[in-house]
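All values reported here derive from a predicted model rather than from experimental measurement. When a residue number appears, it is its place in the shown sequence, counting from 1. Whatever order the structure lists ligands and atoms in, that order sets their numbers, starting from 1.
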Amino acid sequence: MRPAGAPEAGRRPRRGPVLRLKRGRERARSHPWIFKGDVADVSAVDPGAAVTVVDAAGRFVGRGDYNPRPGLCCRILTRDDEALDAAFLERRLGDAVARRISGGVPALGRLAWSEADGLPGLVVDRYASVLVVQCGTLGMARRRREVEAALGRVVGELPVFNKDEDGPAKLEGFEPAHGWAGRPGPATVEVDEAGVGFTLALGVGHKTGLYLDQRENRRRVAGLAADRDVLDAFCYTGGFACHALRGGARRAVLIESSPEALAGARRNLELNGVAERAEIVAANAFDELRRLERAGARFGLVVLDPPPFARSRTQLEAAVRGYKEINLRAMRLLERGGSLLTFSCSHHVSQARFEELCRDAAADAGARLQMVAPLTQASDHPVVLTIPETRYLSGLLLQAM
Ligand code: SAH
């Protein structure tokens, strides 16, 4: 049911600048993205300001942020006739946090994730006593102060660190924010992920600090690792290896090409008291996997968590070849009964495509593998049925037969 004050279907909306969709561009009723090609006309409006979106007949569709600069020129934030003000942000953030709550606001995890939480352009991650905020649209960047204030009311007065990414900021035309929003917090924080400790330096490294989307898969690794030799390829700061070693793995080999990430891995291995069972290899994982195969190495648990090889659809085929190659090598390194956790975080590679390329790799490797389970992103990165782009992490847990 529409809340009081919302227009009935067919009535004309009342407030502010209006963006009118072309006839037949009805997707905007269930998906938040409007591209320039979908727009019939739009009234004069400041870049980043809110517009009311109507269909070709003038019926209310929703309200969103408009930016003439990128091809994706408007993202709908609400389908109700409500103002996109501080109270709106507080409601949306409150709902996002409430979806994740089990006995209090989680101390580690993603509290709000952009389109998936009805807040396009806003990511909020919690790392113990600190919040990290990432704005990815001009509209959200303009509301940064309101977001901070709303977070204070919803989560509590925690120091907020801004960590915008340069790419989206350039595309949308705003100066990316890096650093403390107001009162500075600690330079480093230590977090607890299911009994495993990680340290991170605010503002350093990938994403907002950790790959929070792999939290549930790292726990799964802990349960599979006892008495195994483990290979953690594309290890970043060693998350999977730390869980495996704490879960009783005999030893772990970590492969990573970024010196900064490797320094983090070293710190995390030490923090968890497992450094003496770990070997860190600073290398290109493609080369190292090939070398290990030639050397006849075998592992009881292999994790392959590469960066996105396809950032656009045109790179898809090259990406598939890359994924296939590393999977083929990993399968040859598995001992009988050993487990392979393999991932793609390219959202252009669907779960079905990923399974197909793993099947091809297994055929070429001559490997017989049981499909134990599909794997995907942690549940605080929710997948919305009508927004397929919210699902981006494909994965499989395979076991050598
Ligand atoms: N598994 C990690 C996240 C991995 S992200 C975790 O749970 O935290 C992918 C990592 O692969 C990044 O740290 C990146 O620096 C690294 N990387 C990218 N290309 C690489 C290559 N060719 N060889 C080795 N590492 C690579």
Side-chain angles (χ1 to χ4, degrees), residues 108-110 125 127 132 165 191-194 196-201 204-222 224-225 230-247 249 252-269 271-272 274 278-293 301-311 315 318-319 321-327 329-330 333 339-347 349 375-378 380-381 392-397:
L108 174 67
R110 179 146 297 186
D125 288 343
Y127 292 100
V132 180
E165 288 182 333
V191 296
D192 178 291
E193 184 180 89
V196 172
F198 296 130
T199 44
L200 56 124
V204 176
H206 305 171
K207 300 267 193 171
T208 57
L210 291 178
Y211 285 83
L212 294 172
D213 53 356
Q214 287 285 25
R215 259 165 28 254
E216 290 163 11
N217 297 319
R218 286 193 287 260
R219 290 178 76 149
R220 202 187 256 268
V221 155
L224 291 167
V230 174
L231 178 63
D232 182 0
F234 306 92
C235 73
Y236 185 49
T237 52
F240 279 105
C242 287
H243 275 274
L245 290 164
R246 288 296 296 254
V253 175
L254 293 79
I255 311 173
E256 167 63 50
S257 59
S258 146
E260 198 181 57
L262 282 171
R266 239 170 246 119
R267 273 195 302 276
N268 286 331
L269 291 163
L271 177 70
N272 289 288
V274 295
E279 181 195 337
I280 289 182
V281 183
N284 180 333
F286 281 83
D287 299 338
E288 184 60 14
L289 287 166
R290 212 172 299 136
R291 195 195 65 76
L292 285 167
E293 188 196 331
L301 179 61
V302 177
V303 178
L304 283 184
D305 187 20
F309 291 160
R311 292 193 187 268
Q315 297 168 333
R321 280 195 297 280
Y323 288 123
K324 185 180 159 192
E325 159 153 7
I326 55 174
N327 278 283
R329 309 255 173 241
L333 291 171
S339 300
L340 169 62
L341 285 90
T342 177
F343 302 96
S344 152
C345 59
S346 308
H347 80 79
V349 179
L375 301 173
T376 189
Q377 65 222 44
D380 58 7
H381 294 55
Y392 67 95
L393 187 64
S394 302
L396 283 175
L397 170 54

Let me see the working for Glu193 and Arg219 under salt bridge (Lys or Arg N to Asp or Glu O under 4.0 Å), right down to the final yes or no.
CA-CA 8 Å; Glu193 184 180 89; Arg219 290 178 76 149; over 6 Å; no
Between Phe309 and Phe286, is the ring centre distance below 6.0 Å?
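Yes, close enough.
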Would you check, one step at a time, whether the test salt bridge (Lys or Arg N to Asp or Glu O under 4.0 Å) holds for Arg291 with Glu288?
CA-CA 5 Å; Arg291 195 195 65 76; Glu288 184 60 14; 2.9 Å; yes
Quick one: closest heavy-atom pair of Ala194 and His243, and the distance?
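Shortest heavy-atom contact: CB-CE1, 4.3 Å.
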Taking any residue with a non-hydrogen atom under 4.0 angstrom from an atom of ligand 1, which ones do you get?
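Ligand 1 pocket, heavy atoms under 4.0 Å: His206, Tyr211, Arg218, Phe234, Cys235, Tyr236, Phe240, Glu256, Ser257, Ser258, Ala283, Asn284, Ala285, Asp305, Pro307.
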Distance-only polar pair, side chains of Tyr211 and Asp305, donor-acceptor under 3.5 Å
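Result is no, nothing qualifies.
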Once side chain to side chain contact (heavy atoms under 4.5 Å, CB included) is applied, do any residues pair with Ala201, and if so which ones, sequence neighbours excluded?
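Ala201 satisfies side chain to side chain contact (heavy atoms under 4.5 Å, CB included) with Thr188, Val204 only.
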